[in-house]
Each structure stands twice: as structure tokens, then as C-alpha cells.
Amino acid sequence: QKEVEQNSGPLSVPEGAIASLNCTYSDRGSQSFFWYRQYSGKSPELIMFIYSNGDKEDGRFTAQLNKASQYVSLLIRDSQPSDSATYLCAVYSSASKIIFGSGTRLSIRP
Amino acid sequence: NAGVTQTPKFQVLKTGQSMTLQCAQDMNHNSMYWYRQDPGMGLRLIYYSASEGTTDKGEVPNGYNVSRLNKREFSLRLESAAPSQTSVYFCASSENSGPGAETQYFGPGTRLLVL
């Protein structure tokens, strides 16, 4: 079992709809959780981080964390073509290391 | 501020050649990291330096060495390149490696092709 798992996609979502990206992790002692966006040929950039159970909103983005289910998700409202990218989930584990998932490729269709 | 810079941007090596990838950050961060990214594999940690003067192995350290030259600079050396080391290499830095300060900032990457 991978430590951080994501569906590789591609996930195709119509423009204006809600895109939902999911991530599960195996280390129950993980402390903090990150979503990075990576455009093709570019480096990852941080979108959001979340530490506590529940929802955290920032503009069109909402991160959701459920530690009991070891599940973290990212919702993107009013999806735009510019949101087309690969989204990387990262987890700060109990071993004090950040572990990245392999990413979900998101495509927003006009 | 330039953030995290990496040189070179692109490099072609022959099997057995050596090279050093350079990384520098101007954010006064304590922690620095080297990752490789291969298709379908996500980011895999090669080595990291939690603070100046310390380095530790990550998930895939074999075939690599690192030097934390000072607080700003963290280099990655391939002593004898192999085709399996063809990849995109990213350097990253964070304020610290502990909870609350572990957000990482990435450099633009180095594309390495080993023939």
C-alpha cells in the first residue's frame, strides 16, 4: 500500500462545475496535509494546507480533512480552464517527513 | 526575491559521467530538499537537509550525494550517471521541517537526460 494514494486520472470536469480531488494516506499519525498544483513542465506550487479536521476555504478552493478516515480532499468551485493541471497531495508524516502522492491530472473542458 | 533557483535547467550526460546540480534559496529557510519526478511516480525525496550542517537520506538516495554548502545552497551530485537517473530534479526549501513551517517552495527544476 502506498503511503499517499491518489487517483491518477485524468479527471475531466466541465467549466463552471465543481472538481473534487481525493487523497488517502496510511500513517494515522500524520499531522499536516498539503495540496500542490503543478502545470505541465512547471514546478509544484502550494494551493492550500490543512491541519485540523473539517473544511478550510480559500477563494474557490476548499480542503477537507477527515483524520478518522485518513482522507483529505480538495474541491475547486466554478472550475476554469486555467485549473487544468496535476494536483499533488502531500502529507507530513509522524516520521517528520513530507510524502507526496503521485498526483491527479485534472482537465477542465470548455 | 528570486525564491529557489536551480542550475542548470537542462543537461545531457553520457553514462558514467558526473555532474553537480546547484540549488540556492534567498528566503532564509532552514530546510532544503532534493526530489526527482518521473512519470506516474510523483515526487520522490532523494536527500534533505533539515538545517545547515545536516543532511539525511530520503526515499531514493542511491547514486547521489549532497552537500549543504551554507544556509542558502544545497547541491546534488551524481558521481557516475546511469540511464535510470534520467528524470526531472526539483530542489525545494521550507522555513523548517517541523509542523507549521513545512510548506515547501520549489525551484524551476533541472531536466536530466542520461544516454
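Reminder, nothing fancy here: chain letters follow the sequence lines and each chain counts from 1.
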| request: Heavy-atom distances under 4.5 Å only: say whether Tyr105(B) touches chain A with side chain, backbone, both or neither. | output: neither

| field | Which atom of Ile98(A) lies closest to which atom of Gln104(B), heavy atoms considered | value | CD1-NE2, 3.5 Å

| With the 4.5 Å side-chain cut-off for hydrophobic clustering, are Leu88(A) and Leu45(B) part of the same group? | yes

| Are a donor atom and an acceptor atom from the side chains of Gln38(A) and Gln37(B) found within less than 3.5 Å of each other? | yes

| query | Side chain of Ser43(A), backbone of Gly107(B): donor and acceptor closer than 3.5 Å? | reply | yes

| note | Honestly, the part of Arg44(B) sitting under 4.5 Å from a heavy atom of chain A is neither

| In the single-linkage hydrophobic clustering (I, L, V, M, F, W, Y; side-chain heavy atoms under 4.5 Å), do Tyr47(B) and Val88(B) co-cluster? | no

| Transitive ILVMFWY side-chain link Val60(B) to Tyr33(B), under 4.5 Å | no

| field | Part of Phe106(B) within contact of chain A (heavy atom distance under 4.5 Å) | value | both

| said: In this structure, would Val4(A) and Val72(A) fall into the same cluster of hydrophobic residues linked by side-chain contacts under 4.5 Å? | reply: yes

| query | For atom CZ of Phe61(A), is the number of surrounding heavy atoms from other residues, nucleotides or ligands below 6.0 Å larger than 12? | reply | yes

| Do Phe34(A) and Leu75(A) sit in the same hydrophobic cluster, where Ile, Leu, Val, Met, Phe, Trp and Tyr count as joined when their side-chain heavy atoms come under 4.5 Å apart? | no

| field | Toward chain A, the part of Tyr48(B) with a non-hydrogen atom under 4.5 Å | value | side chain

| request: Using a cut-off of 6.0 Å, state whether more than 12 heavy atoms not belonging to Arg111(B) lie near its atom CZ. | output: no

| note | Heaviest contributor of heavy-atom pairs below 4.5 Å to chain B, chosen from Pro44(A), Gly101(A), Ala90(A), is Pro44(A)

| said: Taking CZ in Arg105(A) as the centre, count heavy atoms belonging to other residues, nucleotides or ligands within less than 6.0 Å. Is the count above 12? | reply: no

| Which atom names give the shortest non-hydrogen contact between Glu102(B) and Tyr92(A), and what distance separates them? | OE2-CG, 3.7 Å

| said: If you compare all heavy atoms of Tyr36(A) against all heavy atoms of Thr103(B), which two are closest, and at what distance to 0.1 Å? | reply: OH-C, 3.9 Å

| request: Kindly compute the distance separating CD1 (Ile99(A)) from CG (Leu43(B)), expressed to the nearest 0.5 Å. | output: 12.5 Å

